[in-house]
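Numbering of ligands and ligand atoms starts at 1, following listing order.
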Amino acid sequence: MSDIVILRIGHRPQRDKRVTTHVALAARALGAKGIYVDTKDTVLEENIRSVVGRFGGDFFIETGVKWRKVVDDHDGTVVHLTMYGQRIDEALDKIPREGRMTLIVGAEKVPPEIYERADFNVSVGNQPHSEIAAAAIFLDRFTEGKTLYENRGGKMSVVPNERGKTVVDLS
Ligand code: SAM
């Protein structure tokens, strides 16, 4: 399975704080290794590291990065999620399963160079919706949900339950 990292473009710390937090948390839960965010946001970094500290795993976050550098410094496949892209059901079979994947999600308008640079511009339906939904659906289909209940070795873990809440707290 590919090592998947998210590249979040156009993050505006005040306006997008919850949405970018949720992109990161959904990506972590669905098997991504980490997230790069183009705008520096130390609060966002602290929030995500706090979740990782409690619930485990080694998901990373780095903010204030240049998108070109992230894309150019890493080998592998670049997938850009956009409502204008090719259909996800047609793209999935063509996207390599091994090596690294950089999965780009936008906030405000994405620079046109991204569409050119991406190996795959992929849509999750042809309606505008949400970067959280687009990333989650793409990752779930790409990984076939394999990481959803994976043991992250965290201080806290949630035990699936038909009713009620079971949380193991080793801290
Ligand atoms: N016009 C934008 C677009 O290109 O998809 C919608 C902007 S939306 C507020 C922010 C981000 O959500 C987009 O950059 C894209 O990554 C993701 N997104 C929204 N709708 C999508 C869809 N139908 N398919 C794939 N990604 C989508």
Evaluate whether atom CZ of R54 has more than 12 neighbouring non-hydrogen atoms of other residues, nucleotides or ligands under 6.0 angstrom away.
yes

Who's the nearest protein heavy-atom neighbour of atom 5 (O) of ligand 1, and how far?
M83 N, 2.9 Å

Atom 15 (C) of ligand 1: the protein heavy-atom neighbour that sits closest, reported with distance to 0.1 Å:
L81 O, 3.0 Å

Is there side-chain contact between K17 and L44, with at least one heavy-atom pair below 4.5 Å?
no

Verify the cluster assignment for V43 and I48: are they in a single hydrophobic cluster under the rule of side-chain heavy atoms below 4.5 Å apart?
no

Below 4.0 Å, non-hydrogen atoms only: which portion of Y115 touches ligand 1? Side chain, backbone, both or neither.
side chain

More than 12 heavy atoms of other groups within 6.0 Å of R18 CZ
no

When every non-hydrogen atom of Y115 is compared with those of N121, the smallest separation belongs to O-ND2, 2.9 Å

Ligand 1 versus A107: contacting region, heavy-atom distance under 4.0 Å:
backbone

Going hydrophobic residue to hydrophobic residue with side-chain gaps under 4.5 angstrom, can you get from L7 over to V37?
no

For atom 8 (S) of ligand 1, the closest protein heavy atom turns out to be E131 OE1, 4.0 Å

Counting heavy atoms under 4.0 Å, the part of Q127 that contacts ligand 1 is backbone

By ring-ring contact (aromatic ring centres under 6.0 Å, His included), H74 pairs with (sequence neighbours left out) Y36

Would you say the side-chain atoms of T166 and N161 include a donor-acceptor pair closer than 3.5 Å?
yes

Subset of ligand 1 atoms that lie under 4.0 Å from at least one heavy atom of S123:
24 (N), 25 (C)

Note: ligand 1 atoms sitting under 4.0 Å from heavy atoms of Y84 are 1 (N), 4 (O)

Tell me: protein heavy atom nearest atom 20 (N) of ligand 1, and distance?
H129 N, 3.1 Å

Could you check E113 against R68 for side chain to side chain contact (heavy atoms under 4.5 Å, CB included), going step by step and ending with a plain yes or no?
CA-CA 10 Å; E113 303 98 281; R68 270 195 197 81; 2.5 Å; yes

Atoms in ligand 1 with a heavy atom of V105 nearer than 4.0 Å
16 (O)

Report, in ascending order of atom number, the atoms of ligand 1 lying under 4.0 Å from any heavy atom of G125.
22 (C), 23 (N), 24 (N)

In terms of residue, atom name and distance, what is the protein heavy atom nearest to atom 13 (C) of ligand 1?
G106 N, 3.9 Å

Output yes when the distance from some N or O of ligand 1 to some N or O of T82 is under 3.5 Å, and no in every other case.
yes

Do ligand 1 and E108 have nitrogen or oxygen atoms that lie under 3.5 Å from each other?
no

Closest heavy-atom approach to atom 27 (C) of ligand 1 among G85, A134, A135, G10 is made by A134

Quick check: are there more than 12 heavy atoms from other residues, nucleotides or ligands sitting under 6.0 Å from CZ of R87?
no

Among non-hydrogen protein atoms, atom 24 (N) of ligand 1 lies closest to V124 N, 2.9 Å

